[in-house]
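Take a look at the structure set out below.
Just follow the structure's listing: the first ligand is 1, and inside any ligand the first atom is 1.
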Amino acid sequence: MKELFDLTGKVAVVTGGNGGIGLGMARGLARAGARVVVAARDAAKSQEAVDELRALGSDAFALASDVTDEASVAALFAGIAVRCGRLDILVNNAGIFLKKPPQDTLLAEWQAVMETNSTGAFLCARAAYPHLCAVGGGKIINVASLVSVFGVPHAAAYSASKGAVLQLTRSLATAWAADRIQVNAVLPGWIDTPLTHAARQNVEGLNDRVVARTPSGRWGEIEDFEGIAVFLASAASDFITGAAIPVDGGYSVQV
Ligand code: NDP
């Protein structure tokens with residue numbers, strides 16, 4: 001019987017893997033045996049993540065990269081090929097948030113959110129494709145959001161960008177299934193990370209509303225993303241593609 005959750009010998013790149021949900025996923029992949037490449041802009045923060053992943057037994061390393069920059073993305077995947085000689089798993093996690101009513105959102109702000117969250121995922125998936133084909137297939141995990149499917153009044157650019165990530169997931173899944181590449185999306189609910197810290201502290205009542213609205217009665221933690229990353233990166237999910245899996249403590253299934 002094949003080892004369902006074993007990632008020994010696999011190479012995984014996690015964009016935005018130096019903190020938050022990306023680091024949670026990177027920890028899971030490292031614990032399952034993968035060599036993890038941390039791809040983000042802040043080199044010092046990435047080195048801290050690498051140190052942590054190495055302590056978990058992964059031969060991890062970081063490559064400074066900006067997912068909005070086509071040349072930087074090309075350099076990232078070329079660098080992985082040189083250092084590792086293979087790529088098996090891409091986690092498109094890098095993302096930014098913008099809290100602004102749609103009527104006040106500037107074009108430059110809209111574009112920045114779309115370029116990081118949607119275009120960045122496309123560029124990385126496109127760059128990963130030949131490397132995944134070269135090893136006979138692989139896994140792409142896109143970090144979308146509950147607002148990929150729900151409307152949100154104060155974050156139209158962000159929700160539009162995450163809607164695009166979900167549709168990109170479904171289209172890549174259909175395009176690359178024959179190449180044995182499975183492409184799935186994770187839809188996080190309210191997760192305690194640097195991205196939500198300010199809102200949690202400054203938006204009156206938000207913390208309590210999230211706890212009350214979430215059947216599990218708490219915010220998500222980055223540890224909640226270790227298991228889903230391993231599942232979607234491993235042989236355990238080989239017949240699952242184009243799926244969108246909420247990781248939200250039940251938030252999306254309660255009226
Ligand atoms: P964080 O702000 O903690 O992490 C975002 C990560 O993205 C950082 O590691 C950052 O690293 C990286 N990043 C941002 N821009 C770029 C870029 N241009 N190129 C490369 N890396 C980049 O937030 P979260 O962990 O919360 O968010 C992770 C993902 O989860 C995002 O896609 C977010 O939209 C999504 N999400 C989060 C939710 C939550 O409640 N927290 C809910 C739903 C979805 P660096 O600055 O070093 O580049």
Side-chain angles (χ1 to χ4, degrees), residues 13-27 36-50 52-53 62-77 90-99 111-124 127 141-150 152 155 157-166 168-169 185-200 203 206-207 209-211 213-214 218-226 228-229 244-249 251-252:
V13 57
V14 183
T15 69
N18 62 7
I21 290 170
L23 179 57
M25 289 187 152
R27 284 180 188 159
V36 178
V37 184
V38 173
R41 296 164 303 176
D42 184 331
K45 199 172 151 202
S46 293
Q47 192 51 50
E48 281 177 33
V50 165
E52 191 188 312
L53 297 171
L63 290 173
S65 26
D66 181 341
V67 299
T68 67
D69 178 344
E70 191 176 14
S72 176
V73 169
L76 168 64
F77 287 87
L90 163 65
V91 180
N92 273 319
N93 163 80
I96 57 171
F97 182 70
L98 176 72
K99 181 175 186 292
Q111 287 171 333
V113 172
M114 297 300 285
E115 279 170 16
T116 304
N117 298 358
S118 322
T119 310
F122 159 68
L123 289 176
C124 289
I141 304 170
N142 292 329
V143 179
S145 170
L146 287 187
V147 304
S148 297
V149 286
F150 294 137
V152 56
Y158 181 76
S159 68
S161 75
K162 290 296 182 176
V165 171
L166 179 53
L168 177 68
T169 301
V186 172
L187 314 185
W190 284 96
I191 315 301
D192 186 23
T193 71
L195 187 127
T196 52
H197 276 170
R200 195 174 181 180
V203 178
L206 176 67
N207 181 61
R209 276 202 307 281
V210 168
V211 172
R213 170 78 169 75
T214 305
R218 65 172 176 87
W219 285 63
E221 304 290 342
I222 68 171
E223 288 73 21
D224 293 313
F225 290 84
E226 291 192 28
I228 190 74
I245 302 180
V247 180
D248 66 353
Y251 189 100
S252 58

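Looking at atom 23 (O) of ligand 1, its nearest protein heavy atom turns out to be Leu195 CB, 3.2 Å. In terms of protein heavy-atom proximity, atom 37 (C) of ligand 1 is closest to Ile21 CD1, 3.6 Å. Ranking the protein heavy atoms by distance from atom 40 (O) of ligand 1 puts Ile191 N, 2.9 Å first. Here the heavy atom of the protein found nearest to atom 4 (O) of ligand 1 is Gly19 O, 4.4 Å. Nearest protein heavy-atom contact of atom 3 (O) of ligand 1 is Pro194 CD, 3.3 Å. Protein heavy atom nearest atom 26 (O) of ligand 1, with residue, atom name and distance: Thr193 OG1, 2.5 Å. Considering only non-hydrogen protein atoms, atom 22 (C) of ligand 1 sits nearest to Ala94 CB, 3.5 Å.
The two atoms that bring Ala40 and Asn18 nearest to each other are CB-ND2, 3.2 Å, heavy atoms only. Scanning both residues, Leu166 and Ala244, for their nearest heavy atoms gives CD1-CB, 3.6 Å.
Between Gly120, Ser148, Ser65, Gly16, it is Ser65 that holds the heavy atom closest to atom 20 (C) of ligand 1. Considering Lys162, Arg41, Lys45 only, the shortest heavy-atom separation from atom 32 (O) of ligand 1 involves Lys162. For atom 47 (O) of ligand 1, the nearest non-hydrogen atom from the set Asp66, Val186, Asn18, Leu146 comes from Asn18. Distances from atom 42 (C) of ligand 1 to the heavy atoms of Gly189, Ala199, Ser145 put Gly189 nearest.
Checked by distance only, ligand 1 and Gly22 stay at 3.5 Å or farther apart across all their nitrogen or oxygen atoms. Between Asn93 and ligand 1, at least one N/O pair is under 3.5 Å apart. Close N/O approach between Ala40 and ligand 1 is not found [any backbone or side-chain N/O within under 3.5 Å]. Looking at ligand 1, you'll find an N or O of Asp42 within less than 3.5 Å of one of its N or O atoms.
When atom types are taken as modelled, the side chain of Thr193 and the backbone of Gly20 share no donor-acceptor pair closer than 3.5 angstrom. At least one donor-acceptor pair closer than 3.5 Å links the side chain of Thr15 to the backbone N or O of Asn93. Distance alone, capped at 3.5 Å, places no donor-acceptor pair between the Ser65 side chain and the Val73 backbone. Of the possible polar contacts, none joining the Asp248 side chain to the Gly189 backbone as a donor-acceptor pair under 3.5 Å is found.
Counting heavy atoms from C-beta outward, Ile228 and Met25 have side chains that approach closer than 4.5 Å. Counting heavy atoms from C-beta on, the side chains of Val186 and Phe225 come closer than 4.5 Å. Here the side chains of Trp219 and Arg200 are in contact, with some heavy-atom distance below 4.5 Å. A 4.5 Å side-chain heavy-atom check between Val13 and Phe77 finds at least one atom pair inside the cut-off. His197 places a side-chain heavy atom less than 4.5 Å from the side chain of Asp192. At a threshold of 4.5 Å between non-hydrogen side-chain atoms, the residues Ser118 and Leu168 do not count as touching. The shortest distance between side-chain heavy atoms of Val38 and Leu53 falls below 4.5 Å.
Heavy atoms of Gly24 come nearer than 4.0 angstrom to ligand 1 in no pair at all. Within the structure, the closest approach of Tyr158 to ligand 1 falls below 4.0 Å when heavy atoms are considered.
Near Gly20, the atoms of ligand 1 lying under 4.0 angstrom from a non-hydrogen atom of the residue are 3 (O), 25 (O). Near Val143, the atoms of ligand 1 lying under 4.0 angstrom from a non-hydrogen atom of the residue are 29 (C), 30 (O), 35 (C). Near Thr116, with a cut-off below 4.0 Å to any heavy atom, the atoms of ligand 1 are 15 (N). Atom numbering of ligand 1 starts at 1 in the shown order; those under 4.0 Å from a heavy atom of Gly95 are 5 (C), 7 (O), 14 (C), 31 (C), 32 (O). Near Thr196, the atoms of ligand 1 lying under 4.0 angstrom from a non-hydrogen atom of the residue are 39 (C), 40 (O), 41 (N).
Residue-level proximity to ligand 1 for Val67 is carried by backbone and side chain together, each with a heavy atom below 4.0 angstrom.
Shown here is Glu221, whose CD atom has more than 12 heavy atoms of other residues, nucleotides or ligands within 6.0 Å.
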